[in-house]
Number of protein chains: 2
Amino acid sequence: MKILIVEDEAKTGDYLRQGLSEAGFTTDLARNGMDGLHLALTGDHDLIILDVMLPGLDGWQVLETIRRSGKEMPVLFLTAKDQVEDRVKGLELGADDYLVKPFAFSELLARVRTILRRGRNGTEPTTLALADLELDLLRRRVTRSGKRIELTAKEFALLELLLRRHGEVLPRSLIASQVWDMNFDSDTNVIEVAVRRLRNKVDEPFEPKLIRTVRGMGYVLEEPEGD
Amino acid sequence: MKILIVEDEAKTGDYLRQGLSEAGFTTDLARNGMDGLHLALTGDHDLIILDVMLPGLDGWQVLETIRRSGKEMPVLFLTAKDQVEDRVKGLELGADDYLVKPFAFSELLARVRTILRRGRNGTEPTTLALADLELDLLRRRVTRSGKRIELTAKEFALLELLLRRHGEVLPRSLIASQVWDMNFDSDTNVIEVAVRRLRNKVDEPFEPKLIRTVRGMGYVLEEPEGD
DNA sequence: ATGCGGCAATGAAAATACTCATCGTTGAAG
DNA sequence: CTTCAACGATGAGTATTTTCATTGCCGCAT
């Protein structure tokens, strides 16, 4: 798998290149928009990682030109913090995913793998929902009944997991490994506490309650049975 | 590379097996000490991951028997939280590394790779030092001039990095990626703050000052030049 | 020498996450 | 029906980490 990185900031570029190489990808690195565009159009990359902030030709212009050329090539783009609207704009221009700087490398790798797995076609849903609860992956925002709910990173991760697999009872061990990258056995009750915090925000002020505890098993997110 | 996992707790075992398979290793899994020992002695594994707490034959007994049989095979063992002395005991019995539950899977993977890279021979140092500053990787303890210093996880990680590469100026980007798994550019000063906390504990009450700022470059841990 | 600009240091507050002790609920056993 | 034990919920306290605003320091240009 061959990945094109378009990133002007030297450190970031090298970091990405090295990390991706170690993960078994082949990489090309362009330091500006022009080179990036040229490489993208002439090369045979399976994915482009594209920084938005570039000297000269910026990320959007590159992306737009690639799309207009008819090249069907997945694009993951990198936006600076706070530039929330960039993400939306990027997605509209046909990016497949975005990542906000600063980001964890493991996160990038996960996205890259997801994109490559699904190939350049069906775009992943950018929003998850159940009943009146909605989670917008792009804006990292959650609403219920239209009301905005502020969540911390952990809360968001937990809710995202529950939502992605709603209807399924998720055992603690699974939650632990997904949300905490922790394996346990253990003698802590972080999960209970986290679920509680999430309930306070997401369920407590609303009806019906969507997070259900399954004794001895774990937690499910689902609409309650009408009985 | 073939890894033997000896773990009675089903979830943990499956978790390890799956994770390691995804990472490209072949695995065998034994649910108790006897089976584990048998597989270890008859198989051709490159590494054993051994839980200490096992029904019947416990981890130490397994380890001891393997060693007495003359099999030269690296062992990474898993101990429960708080059982600090286990780690020391385990190391004395010839384990190559240990990991405390609960642990992050990424951490396990890193250790596994380290062990396999160095092969079964020179054991990694279990302690790092510079001047009168010592860091005990096993007990996760730091002392300076013999005085015990309490560090948080991040502080420890940062100091460990500085010590492992003492004398080198470490750029922020490197520190960020190692200690925070973050790539940045960014507009945060977490690193400065973390360095400061570390200095307060490690340098402030002592002489000489070991953590030096290199303006525009990063930080070094070193003994000051006598000039 | 003076002022300026960029970088780093600092202190304090806010946000987040974790631990602990205690309480309540549930289901099974008697 | 009552008791008990296991499991989960809860609230509060604490630790840790991050953010923010401010200050200080250093080197360069004027």
Side-chain angles (χ1 to χ4, degrees), chain A residues 11 80-82 100-104 140 142 149-159 162 169-173 175-176 178-205 209-221, chain B residues 11 80-82 100-104 140 142 149-159 162 169-173 175-176 178-182 184-204 209-221:
Chain A
K11 283 174 190 168
K81 198 185 161 191
D82 302 331
V100 181
K101 297 187 192 181
F103 55 83
R140 301 231 118 215
V142 174
I149 299 176
E150 295 290 345
L151 296 185
T152 69
K154 280 253 152 79
E155 289 160 357
F156 194 94
L158 176 56
L159 181 57
L162 286 166
V169 178
L170 306 178
R172 280 140 206 286
S173 56
I175 295 174
Q178 297 288 301
V179 179
W180 278 264
D181 185 23
M182 288 262 118
N183 164 321
F184 46 113
D185 287 304
S186 160
D187 48 353
T188 169
N189 74 335
V190 270
I191 296 186
E192 282 85 347
V193 175
V195 168
R196 165 138 230 281
R197 279 202 315 268
L198 190 58
R199 275 178 166 153
N200 279 342
K201 294 186 178 179
V202 160
D203 258 355
E204 194 274 319
K209 307 308 180 198
L210 297 174
I211 303 175
R212 186 161 68 85
T213 303
V214 182
R215 191 155 246 262
M217 306 263 81
Y219 297 93
V220 213
L221 188 77
Chain B
K11 284 174 192 168
K81 198 184 161 190
D82 302 331
V100 180
K101 297 187 198 179
F103 54 84
R140 302 233 118 212
V142 174
I149 299 175
E150 296 290 346
L151 295 184
T152 69
K154 282 253 151 77
E155 289 160 1
F156 193 95
L158 175 57
L159 181 58
L162 286 166
V169 178
L170 306 179
R172 281 138 205 284
S173 57
I175 295 175
Q178 296 287 300
V179 179
W180 277 265
D181 184 24
M182 287 264 120
F184 47 112
D185 285 299
S186 160
D187 50 350
T188 168
N189 73 337
V190 271
I191 297 185
E192 284 84 346
V193 175
V195 168
R196 162 137 232 279
R197 280 202 316 269
L198 189 59
R199 273 175 168 153
N200 279 342
K201 293 187 178 179
V202 159
D203 258 355
E204 192 275 319
K209 306 308 180 199
L210 298 174
I211 303 174
R212 184 161 69 84
T213 302
V214 182
R215 194 157 243 268
M217 305 263 80
Y219 298 94
V220 213
L221 189 76

Next on the checklist: Is A:Thr152 close enough to C:dA17 that one of its side-chain N or O atoms is under 4.0 Å from OP1 or OP2 there?
Outcome noted: yes
Item to check | Rounded interatomic separation in angstrom, taking CG from A:Leu198 and P from D:dT10 | outcome: 13 Å
Checklist entry - Using a cut-off of 4.0 Å on non-hydrogen atoms, how would the nucleic acid contact of B:Arg197 be classed: base, sugar-phosphate, or nothing? => result base
Checklist entry - Rounded to the nearest Å, what distance is computed from the CD atom of residue B:Glu155 to the C1' atom of nucleotide D:dT16? => result 9 Å
Item to check | Side chain to side chain, A:Arg172 and A:Glu192, heavy atoms closer than 4.5 Å | outcome: yes
Checklist entry - So, is B:Trp180 near the phosphate of D:dT17, with a side-chain N or O under 4.0 Å from OP1 or OP2? => result no
Next on the checklist: Just the rounded figure in Å: distance from C1' of C:dC7 to CD1 of B:Ile191.
Outcome noted: 14 Å
Checklist entry - Between D:dC7 and A:Tyr219, is there an OP1 or OP2 to side-chain N/O distance shorter than 4.0 Å? => result no
Checklist entry - With a 4.5 Å limit on heavy-atom distance, are the side chains of A:Thr213 and A:Arg199 in contact? => result yes
Item to check | Rounded interatomic separation in angstrom, taking CZ from A:Arg172 and P from D:dA9 | outcome: 7 Å
Item to check | Euclidean distance, atom CG of residue B:Asn200 to atom P of C:dA9 [Å, nearest integer] | outcome: 12 Å
Checklist entry - If you look at every strand shown and take non-hydrogen atoms under 4.0 Å, does B:Val193 touch a base, only sugar-phosphate, or nothing? => result base
Checklist entry - Any idea which of C:dT19, D:dT19, C:dC18 is nearest the A:Asn189 side chain? => result C:dT19
Checklist entry - Could you give the CE-to-P distance, from A:Met217 to D:dA6, as a whole number of Å? => result 17 Å
Checklist entry - Would a 4.5 Å heavy-atom cut-off, applied to side chains only, mark B:Leu210 and B:Val202 as touching? => result no
Checklist entry - Reckon A:Arg196 has a side-chain N or O less than 4.0 Å from the OP1 or OP2 of D:dT10? => result yes
Next on the checklist: I need the CG-C1' distance between A:Leu151 and C:dA17, as an integer number of Å.
Outcome noted: 15 Å
Item to check | Selection from D:dT18, D:dT10, C:dT19 that lies nearest to any side-chain heavy atom of A:Glu192 | outcome: D:dT10
Item to check | Phosphate-side-chain proximity, A:Thr188 and C:dC18, N/O vs OP1/OP2 below 4.0 Å | outcome: no
Item to check | Short side-chain N/O contact from A:Thr213 to OP1 or OP2 of D:dA9, under 4.0 Å | outcome: yes
Item to check | Test item: A:Leu198 and A:Leu151 side chains (from C-beta on) under 4.5 Å apart, heavy atoms | outcome: yes
Checklist entry - Counting side-chain heavy atoms from CB outward, which of C:dT25, C:dT19, C:dT10 is closest to A:Arg215? => result C:dT25
Next on the checklist: Tell me the interatomic distance from B:Lys201, atom NZ, to C:dT10, atom P, rounded to whole angstroms.
Outcome noted: 16 Å
Item to check | Smallest separation among heavy atoms of A:Tyr219 and A:Leu162, with atom names | outcome: O-CD2, 4.3 Å
